[in-house]
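Below is one structure, written out as structure tokens; the observations come after it.
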Amino acid sequence: MVAENGRSLNLGGATAEGGGAKKITGRFNELKSFLLKLVYETQRLNPHDAAACILFLVPIMLQAQHLTRAVRSKIIVNDVSFDVNAGELLAIVGPSGAGKSSLLRLLNRLDEPTSGTVLVEGKDYREISTRDLRRRVGMVMQRPFVFPGTVAENLGFGPQQQGRTPTDDEIEQLLRDVGLIGYAGQDVRHLSGGEAQRVCFARALANQPAVLLLDEPTSALDETAKLDVETVIRRISAQGVTCVMVTHDFRQARRLAMRAAQLAFGKLVRVGPVSEVLNVETALS
Amino acid sequence: MLKQLFPNQVALGFAQAGVTAVLAMIVGFAARKRGIHVELETLIALGRGLAQIVAVGFVLVLMLKGPQWTSAFMLSAMVIAAGATSARRTKKIPGSFQVSFWSILLGSGSVIAVMTWAGVIDGAITSIVPVGSMIIANAMNTNALALDRFWAEVESHVGEIESALALGAAPDVSVSPAVEKSFSASLIPALNNLRSLGLVWIPGLMAGMVLTGSSPLYAAIYQFVVIAMIFASSGLTSLISTSLIRHRIFTPAQQLAIAR
């Protein structure tokens, strides 16, 4: 039941269906955070029951299974397994060089895992066509690589790959979601860094992805632009889009994420509620 | 001056080559004054170029006595050499020899074959080998330019290409700006040849024809014919090489596979 709602709401959130869907999204999120809290409380008492609760109540969107990647015999990602629940925002934290971005690039198969795999809604991602996988698992990169042309042309790129041209209303809705109303005809050369990054968010959302991978999306931005982008991330997450965000900024992870996975030397050290993972981290450092 | 000293044509040729080599070496030593050390390189290149072209001259002398179809062997050997030369200049690119070889073979081979069939190129060895070699040499340069530019475009636009892939674009779509740029950049020399023909330069073939006593008007028209054929085969070669290379930089799972 929840699974059904979650899925249809993802689509509703990204298209221009309007107020009704948003209202339900809000209720769903209330319910979701209540359930997640419940699960985390239970987790302290009995891990097995907690796991059962998660499986039963919150559908799992992505499952990383023993992901390993080696380049020229150097192991960058080492046997990493974790689940991403539908609708949550999971932060991947760790020092630079820990393999965070490399791990993220395995999740939409931008790089090939040496071993291990990813299940997307229960299906091995090698059984899904790569292009379809990347439409469903979108990505926003560290730097905003906008394509030459207008903002609207950038937003239309993803849908056009599926043979679909977004309507003006869809474009407006996407721009509203990222706080760039009226930017449709703007040439991308005239955008600031923060605006260009928000165009990249809208461009990824135009594909109506179920999951959005965020690779340090604010690290190349100044403080104001960073806060603008964080607002966008919060809004996307509230619309029910599952997010996996790489960040080296613990405070940012605390502000945005529900759970965190901590990496060190390519290995997963711990994964859990953000407060726990990051408290241990600060206590150690 | 040399003509009186060397009555024999071949001896005269070597003497003329010697004088020009001295001139080139003077330039090489002049560069040294500016701290650019190319003397040895110049000397080797001069010696090598002379030996190669004299060898070709000998082969032509031998072939003239044989049947016409031997020119096909000569041109094939040239295509292989052109592929190898092109590939040496673009070592970083995976499979650059195969790409270069097939592009040059198809790009120049089809033009030479069709034009010979149509009677634009004379089938005689003395005509098809030099004209064919010009077409092949230009196809080689175009191919090297196209591959080099393509690689540079891809290396400097990894972010854009991967962004396109991450949005569900097919690999061909993600590198299409690089393909377009390398295609047009590789055709600049061939286009410039056409544009400046007669204004800036009177190319070697026309000069040669006039020197050996052809009508200057026919020589001029035929020079245009050759430059136009070179343009056609260059365009074809570049089209083939850019479409072959764009598949080689992706894995079967549509991942950009260039060493970073």
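This one's a predicted model, so the numbers in the text were calculated from it and none came from an experiment. In the text below, chain A, chain B and the rest are named by the order of the sequence lines, each starting its count at 1.
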Residues, nucleotides or ligands: over 12 heavy atoms within 6.0 Å of B/Leu191 CG: yes
Under 4.5 Å from any heavy atom of chain B - which part of A/Arg136: neither
Residues of residues 142-155 of chain A near chain B, each having a heavy atom less than 4.5 Å away: A/Phe145, A/Val146, A/Phe147
A/Arg105 vs B/Glu162 side-chain heavy atoms within contact, under 4.5 Å: yes
Flag, side chain of A/Asn207 to backbone of B/Leu167, donor-acceptor distance under 3.5 Å: yes
Donor-acceptor contact present, side-chain A/Arg131 to main-chain B/Gly168, <3.5 Å: yes
Residue pair B/Leu165, A/Arg134: steps toward the side-chain contact (heavy atoms from CB on, under 4.5 Å) verdict: CA-CA 8 Å; B/Leu165 291 176; A/Arg134 290 179 187 152; 3.8 Å; yes
Closest non-hydrogen atom pair between A/Asn108 and B/Ala166, with its separation: ND2-CB, 4.0 Å
Heavy-atom donor-acceptor pair, B/Gln255 side chain to A/Arg109 backbone, under 3.5 Å: yes
Nearest heavy-atom neighbours spanning B/Gln254 and A/Thr130: OE1-CB, 3.7 Å
Enclosure of A/Arg164 CZ (heavy-atom neighbours >12, cutoff 6.0 Å): yes
Distance-minimising heavy-atom pair for A/Met141 and B/Ser163: CE-N, 3.7 Å
Within 6.0 Å of NE2 in A/His66, more than 12 heavy atoms from elsewhere: no
